[in-house]
Every structure is written in C-alpha cells, then in structure tokens.
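Structure first, commentary second.
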Amino acid sequence: MSTENEGAAVPPAPSAPPVPVDAPAAPASQERPVPEGDAAPTTPLPPVPNGAPANSNGTQPYAAEAGANGSQPYAAEAASNGAQPPVAPAASNGAQPPASQGSAPDASWPPPPPPTPPYADSGIAAGAAGAGADGGGGAGFGWGAGYQQPAPKSGRGRGGLLAAVLIAALVAGGLGGGLGYTLAKNDDNSSSTTVSAADSGGDIKRDPGTVASVTAKALPSTVTIEAESSSGEGGTGTGFVFDTEGHIVTNNHVVADAVDGGKLTATFPNGKKYDAEVVGHAQGYDVAVIKLKNAPSDLKPLTLGNSDEVAVGDSTIAIGAPFGLSNTVTTGIISAKNRPVASSDGTGSNASYMSALQTDASINPGNSGGPLLDAQGNVIGINSAIQSSANGLGGTSQSGSIGLGFAIPINQAQYVAKQLIKTGKPVYAKIGASVSLEDTTGGAKITEQGASGSDAVEAGGPAAKAGLKPGDVITKLDDRVIDSGPTLIGEIWTHKPGDKVTITYERGGQSRTVELTLGARTGDS
C-alpha cells in the first residue's frame, strides 16, 4: 500500500490518541514549499524522534513494500501455480517483519496544538494532482507559508497497523499450516504426509436404461457370423438370438455366400463357436434365419419392440462386428422413419426394398444383421444398409459410416422370420402391377408392359380388380406419399397379404382414390 502524501488537508491535532481510519498516515518527513526566488527551503524540518521506525525514504516499514505494486505479497505467485507459498520466504522478502520493530505510543501525548495554517486551495489541488511516486510533491506542492508540521511522536501510523495485520494474517496462516501438518503427522504412523486414497471406490452400479446396462444384457444374445462359399469366398456379419431353439435372425446378404453348399459359423461374445445352417432367406426383404447346430440350452432371445411406435429422436444402440471387430457397440438416435431404401448384396441379383428406420448410430460393413435396440434394450430393427459417399446405398460397400445407417423395422422382420422358420420361403404382399423403378419424384408409374413380356397389370389381381391401368401414377398408399416405384414396393412390403389399403393415383390429370386388398406372392422368383 502506498504511503505517499495524497495532498489531503491536515486537521488540528486531536486531544486523544487517533483511531486508525482508512486515510493514509502523514509521512515521516515533509518538505516546505519553495519560496519564490530560492532554490531550496531555508527553514529546516523538525527532527524525527529517536526510535521512530521510518525507513530511509520516509515511508513506514513493510507497509510500503507490501503496497509498492498495489498487491499483497505472494498473491500473484499463488494464483499462477495454484499452491500456497511457504511461510518462511514471506519473511525473507519483507512481508513478515520481526515483532520487535516499531515503538510504543509516546506517554507525553497529546502534543501541543500546531499553529493554524493558512491553507491554500491551489496548493491542495496541486498536491492532489502532482504527488510523486516517491512520496514527495512536485513544484507548487505544499501547505501555507507560515506552517510547520510538528514532528511525529510515534512511527506507528496506518502503515504500521497494516503491517501488524499482515503479520497476524501470515502468522495465522503459518499456524494453520503447522497445525494441519502436525495433525496429519500424528494421524499417520509412517513418515510420509501423503494422504492415500481408498483402494476401492466401491461397487459400480449402473442404472437400468443406461447404455452400459442395456449392452450388458444384450451382448450375450448376439453372434458374429462368418459365411464362406464353396469356393472360399465370404464375409462377416452379425445376428441375434430369436428363440430358445437356436434360431438366429440376420440379413440375407450376410449368409448369401453360404446358401448353396457353403460353410456357416456363429460365435458368441464368450468365445463359443457353433456351426450353423440356413433355414430360409428372403432376398427382397433382406432377411434370413439360420439355426445353430447343437445349440446350447441357455439361449436368451432378445426382446422384440414395436417399430411402429418408434419416434424420431429416440435413442438407439447398434451391436455388430464392423470390419470384423466383433461385439462393437455404437449409439445414436432415430434420424428418420419410413425412409425408402433399395439395396443390393452386390451379386447382381434383385434388389432389396425397405421402408427403413434411419439412424446416425455408427454402422459399417460387418454390422449387417445385428440388432438396433431402443433405450430399453428392445430390438426395433435389423441393421442392413449404409449410405456411402462413394458408392451409394448398399450392404457391401467398404466405405465407413457417414452417419446414415438404415435398419429393417422389426415388425416387418419378425413377420418374415416366422414365415421362414415355418415354410423356409418368404411371402410378399403385392398389388399385382408392375411399376417403373426409375428414381422420380412424381409417383410410381404403372408400366406399359411387365417383366419378361408379361402384362403390366396382372389379370384378376388386386390392381385389376380396383380398376388400375398401365400409365396410372400412384401418388399415395393410405396416408404415405409415394414418390417412386421403389418407395411403393417398400411400403407395400410393410403390410401383410390380405391387408386392405387405399390407393391414390392420377390418370389424365385427375386424382382418384380406390381401395384394394393386397395379394400374396411366395418365394423370391
């Protein structure tokens, strides 16, 4: 704290010892104003009493050092390294003075009253504005011409009081540190003062519904599938336990290589591997069911959810073997529903169509066939395809995830899986009309001619009975907007044969609506 004179007026001496206030104490020495024409004061200042603890520069001891830079000693160091400084260095730099310095109040108090000075406004103003950093005044600084300030009787002004307070604070801090050290030392049988942490933080409990909790229950019911053709070609995918009899649900394109005389294995997270065989596969749905040979008796099927009740923004958990890294778990949300997706296994065979659940959970090649779970651990979809920035949609692209993954809704996959287990063949819903597979936005147009030269509208089929004709453009199925042929096929396959649907179509620039009952087609041919 600075002890320089701020140019404040000097009051008459009190009749009792002064009470410390927040104004600076008078300095130990004071220059008289320089008379005009003189180069130096001609009247000597009163002598300083013996024993006054003033420094050589006229400042109070310690207080000047503590305040020379406007801050407490060690404050900057404590802030920069986050640790308390040792007490001993505080004394070495003047922050902690010896207790013996200073002097007691003079017993001859009060001193005789000083003469009343003729205060000069100009002098006060000059002092307020021109006080130097060394405690002296510049030219024009001073009191009235006839005034001499009496010599101080004691060197303990406000600076001394602050120094005493600082000493007390530092001593208290040192005492606290010493007491803490003593208590810590007495409480420790060893010579070390380091406080050791407990060996264990206790049992870790994970609340139900957390990703870790859901994963712990789901992982034991997932498998990594390796499919190999008779020529030695193959790949890796994922599947999950569908029932206690050993049936595993996966994608068609995961097991396609092993369908005709190939080799198929399924490995659980505990390392147990089982040979398996294909029970049935549906290329259009991209769903397949395999069965473990010599299946264990403790299989726990995953709980199936309701994909129709899924909402955009719901949390998702994907389990799979991306690029062969088995038992990998990723998380995300449902990014969209009813996303029309056409994918292929890369063999040149017919494409698969789905009205998919879109998720941003990281899905890569090898995740195919694995479960997409909700936050409660229920299966809401089968991870099937990814959007590739290089190669478009497809299950075999080796490009990594870009946050666009697609899963077959479990309501559809469950229906298909049960059909495959029951008959070994898929059953598809149909309207009995061929539509263009061009990627358009105007709707699904019924072609003029069907595949292999057949009629575009099947005679006696659902579309024919509803009055649909070649050239008609279907724009809606129930309340779902249809923008292309693949979208119409994927939407039809979310239904079962026998379901009644409402078809909206355009003919000759007019929009019409008709109701029809979906037919059935068995097998992929």
Side-chain angles (χ1 to χ4, degrees), residues 242 249-256 259 278-289 307-308 338-345 347-357 369 381-382 384-385 393 395 406-437 444-447 450-452 454-466 468 474 476-478 480 482 484-503 515-525:
F242 187 71
V249 172
T250 185
N251 281 142
N252 171 73
H253 72 261
V254 169
V255 301
V259 169
V278 177
V279 172
H281 60 102
Q283 186 176 7
Y285 290 123
D286 197 17
V287 174
V289 175
S307 53
D308 290 340
N338 306 307
R339 185 71 76 193
V341 174
S343 63
S344 172
D345 60 7
T347 62
S349 56
N350 294 332
S352 301
Y353 300 95
M354 68 185 89
S355 182
L357 297 175
I382 300 176
S384 182
L393 289 172
F406 304 95
I408 303 168
I410 194 59
N411 288 10
Q412 176 181 346
Q414 180 184 14
Y415 163 75
V416 176
K418 289 181 177 179
Q419 288 292 330
L420 294 177
I421 292 172
K422 182 179 180 180
T423 66
K425 295 182 179 180
V427 178
Y428 297 91
K430 69 173 186 177
I431 63 171
S434 296
V435 295
S436 172
L437 298 180
K445 182 178 180 180
I446 300 177
T447 59
S452 302
S454 62
D455 293 336
V457 178
E458 179 186 337
K465 291 179 179 179
L468 294 174
I474 298 174
K476 292 182 68 176
L477 191 150
D478 291 334
R480 191 80 63 223
I482 304 301
S484 65
T487 301
L488 177 63
I489 296 172
E491 189 61 34
I492 290 173
W493 286 354
T494 64
H495 294 76
K496 301 178 180 63
D499 287 351
K500 291 184 178 181
V501 296
T502 299
I503 297 292
E515 186 179 84
L516 59 79
T517 301
L518 295 175
R521 174 172 66 87
T522 302
D524 284 314
S525 59

If I compare all heavy atoms of [X] with all of [Y], which pair ends up nearest, and what's the gap?
X: Gly490; Y: Thr494; result: O-CG2, 3.3 Å
X: Leu477; Y: His495; result: CD2-CE1, 3.9 Å
X: Ala429; Y: Ile492; result: O-CG2, 3.5 Å
X: Asn251; Y: Ala288; result: O-CB, 3.7 Å
X: Ala413; Y: Ile408; result: CB-CG2, 4.2 Å
X: Pro409; Y: Ser355; result: CG-O, 3.2 Å

### Task
Apply salt bridge (Lys or Arg N to Asp or Glu O under 4.0 Å) to Lys430 and list each qualifying residue two or more places apart in sequence or on a separate chain.
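Result, salt bridge (Lys or Arg N to Asp or Glu O under 4.0 Å) vs Lys430: Glu458.
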### Any residue meeting salt bridge (Lys or Arg N to Asp or Glu O under 4.0 Å) with Arg480, in chain and number order, not counting sequence neighbours
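By the salt bridge (Lys or Arg N to Asp or Glu O under 4.0 Å) rule, Arg480 matches Glu491.
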Please check: side-chain N/O of [X] versus main-chain N/O of [Y], any donor-acceptor pairing under 3.5 Å?
X: Asp499; Y: Lys496; result: yes
X: Ser454; Y: Ala451; result: yes
X: Asn411; Y: Ser307; result: yes

### Query
Is the Tyr285 ring parallel, tilted or perpendicular to the Tyr428 ring (thresholds 30°, 60°)?
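Geometry flag for Tyr428 against Tyr285: parallel rings.
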### Task
Take Thr250 and Ile382 through the test side-chain contact (heavy atoms from CB on, under 4.5 Å) and record every step on the way to the result.
CA-CA 7 Å; Thr250 185; Ile382 300 176; over 6 Å; no
### Query
Does any non-hydrogen side-chain atom of Val501 lie less than 4.5 Å from one of Ile431?
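Side chain of Ile431 against side chain of Val501, heavy atoms only: no contact under 4.5 Å found.
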### Message
A side-chain contact here means heavy atoms from C-beta on lying under 4.5 Å apart; do Pro426 and Arg521 qualify?
### Response
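Result no, sub-4.5 Å side-chain heavy-atom pair not found.
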